[in-house]
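Only one structure is covered here, and it is reproduced in the block below.
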Protein chains: 2
Amino acid sequence: MAKQQIRTQRTDWQRNHERLVEVASVLVARDGAQVSLEKIAREAGVGSATLHRHFPSRRALLEEVFQGIVERLRRRAGELAGGDPRTGLVTWLEELTVCAANTRGLAAWLAAGADNDPPNGDTCHVVMREATTVLVERAMSVAAVRPGLSPEDLLTLAEAVSLVTEDDPTAARRLLHLALDGVRP
Amino acid sequence: MAKQQIRTQRTDWQRNHERLVEVASVLVARDGAQVSLEKIAREAGVGSATLHRHFPSRRALLEEVFQGIVERLRRRAGELAGGDPRTGLVTWLEELTVCAANTRGLAAWLAAGADNDPPNGDTCHVVMREATTVLVERAMSVAAVRPGLSPEDLLTLAEAVSLVTEDDPTAARRLLHLALDGVRP
DNA sequence: AGACAAACGGAGGGACACCCCATATCGTAG
DNA sequence: CTACGATATGGGGTGTCCCTCCGTTTGTCT
C-alpha cells in the first residue's frame, strides 16, 4: 500500500511527456510561443488529446519548456553572487536579457509571470526575482547602485528590453545599457 | 471623366468603414488587439466578408484604429518642441509611455512597427521616431542628455516599458524614470 | 425609372483548441 | 507466463476563427 502512495506514472506516460516537451522546445524556438499545439502533438507522434491530458493549458506546456533554461539562469545568478558585487549585477542583467532575447518566447513568458492573477506557486518570474534580489542587495552593500532600487522593477525593465528586442541580442545589450546608464550626461 | 478619376466611395462603404473602425476601437480597448475579427464584424452589424474587404489584414484595421491616437501624440510632440528643451523630452517620453500603457494593444503595435519587414510606408512607429528625434536634438543642444544618444533606441525603450506595464500607468511611469535615471548613484 | 457598377452577406473550406469514449497498453498478481 | 484491471491513448466531434466565393442587394448616374 505504501508503494501505491508514491504515484509513479506509467513508462509510456513518461516517454510521451518528455517527448512532448522536447518537441515543443524545438518548435517554440523555431516558430514562437504561439505554435499550434496540434502541430506539436503531430510532430511528437501523439494524438492531440494526449497533449491536452499532459498539459491542461498552453501555459503548463511552456512552463516545462522554459523550466530548464530558467534553472540554468538561476544557477548562473548563484555563481555571480559569489563574485564581485560591483560587476555581478550588471553581468547578470546582461546575460539574462541576452538569453531572453535569444530564446524565442521566453521574454514574453517571464513578463507574463509578473502580473500573475492567481497564486500559482513559484513561476519563472518569481525565481528570477529572487535571483535578482540577491545581486541587487550585494551591489547596494558596496554602493554600486542607487539606494532604494527595486529588484522587481529592475527585473521587469530587463524583461521589457528582451521582449522588445527578440531575436536581436545586440540591440538587447545596447538598450539594457542605455537603461542602466540613464540618459543624462 | 476627370470627375471619375477622383475615386469616391459609395456612402454605405464610408458608413461601414467608419463604423468598423469605431467598433474595433472599443473592442480592442476592452479585449486587446487579438479580438476576434468576426466579433468586430458582428458588433458592427456587417458580414465578416465586408470587414475583410475593407481591411485585408488585422494590421490594416489596427493601423486605422490607432491612427487617431498616434496623430494626437504627434501633435503633442510638436507642442513640446516649442517649450523648454530640458523638460520637453522627458515629458514627451512620459506621456507617450503612459498613453501606450493605457491603450491596450498600442504598445505592441508601436513596437511591432520597429522591425517592419516590408517597406510599408510611414508606420506609427516611424511617426513616433520622427517626433522623438526632434525632442532629443533639442535636449542635446542644451546638453540635457548624453551626446550620441539614439532617438530610435530611446523610443524603443519607452515602447518596451509600456509593453511590459500594460494597464498599469503607475508602473509605466516608475519604470521609465528608472531607465532615464540609470541605476548608479 | 432603369441599368450598371459597387458593395454586401451567407455559406463553406481549412485550421485550431479542446473533449468524449471506445480501444490499446502497461504492470502486476496469480 | 498469462490474464486482468487500471492507466493511457487517439480518432473523431464540436465550436470558434480567418478568409474567400458567388449570388443578391443597394447606391449612383443618366
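Within every chain, numbering begins at 1; the chains are lettered A, B, ... in the order of the sequence lines, protein sequences first and strands thereafter.
At the phosphate of D:dT9, neither OP1 nor OP2 sits under 4.0 Å from any side-chain N or O atom of A:His52. Under 4.0 angstrom from either OP1 or OP2 of D:dG11 there lies no side-chain N or O belonging to A:Ser48. Regarding contacts with the backbone of D:dC18, a side-chain N or O of B:Arg58 is found under 4.0 angstrom from either OP1 or OP2. Contact annotation: A:Arg42 reaches the phosphate of C:dC16 (side-chain N/O to OP1 or OP2, under 4.0 Å). Proximity of A:Ser36 to the phosphate of C:dA17: a side-chain N or O atom is located under 4.0 Å from OP1 or OP2. Put simply, B:Gln9 has no side-chain N or O that comes within less than 4.0 Å of OP1 or OP2 on C:dA6. For B:His17 and C:dA7, the shortest distance from a side-chain N or O to OP1 or OP2 is not below 4.0 Å. Put simply, B:Asn16 has no side-chain N or O that comes within less than 4.0 Å of OP1 or OP2 on C:dA7. Residue A:Thr50 has a polar side-chain atom (N or O) positioned under 4.0 Å from OP1 or OP2 of D:dG10.
Below 30°, between 30° and 60°, or above 60°: for A:Trp109 and A:Phe66 the angle between ring planes is between 30° and 60°, a tilted geometry.
Checked against C:dG9, C:dC16, C:dC26, the side chain of B:Val46 finds its nearest nucleotide in C:dG9.
On a pure distance criterion of 3.5 Å, no polar donor-acceptor pair joins the side chain of B:Glu38 and the base of D:dC17. The base of D:dG27 does not come close enough to the side chain of B:Arg15 for any donor and acceptor atom to sit less than 3.5 Å apart. Side-chain atoms of B:Arg10 and base atoms of D:dT28 include no donor and acceptor less than 3.5 Å apart.
Put simply, CG on B:Leu27 is 12 Å from P on D:dC17, counting in whole angstrom units. Atom-to-atom, NE2 of B:His54 to P of C:dA6 comes out at 14 Å; the value is rounded to the nearest Å. The interatomic distance linking A:Leu51 (CG) with D:dA8 (C1') rounds to 14 Å, in whole Å.
Of the possible polar contacts, none joining the B:Arg138 side chain to the B:Leu89 backbone as a donor-acceptor pair under 3.5 Å is found. A donor-acceptor contact shorter than 3.5 Å links the side chain of A:Ser162 to the backbone of A:Glu159.
Between B:Glu94 and B:Arg173, at least one side-chain N (NZ, or NE/NH1/NH2) sits under 4.0 Å from a carboxylate O, which counts as a salt bridge.
For the residue pair B:Glu64 and B:His17, a side-chain donor N or O sits within less than 3.5 Å of a side-chain acceptor on the partner.
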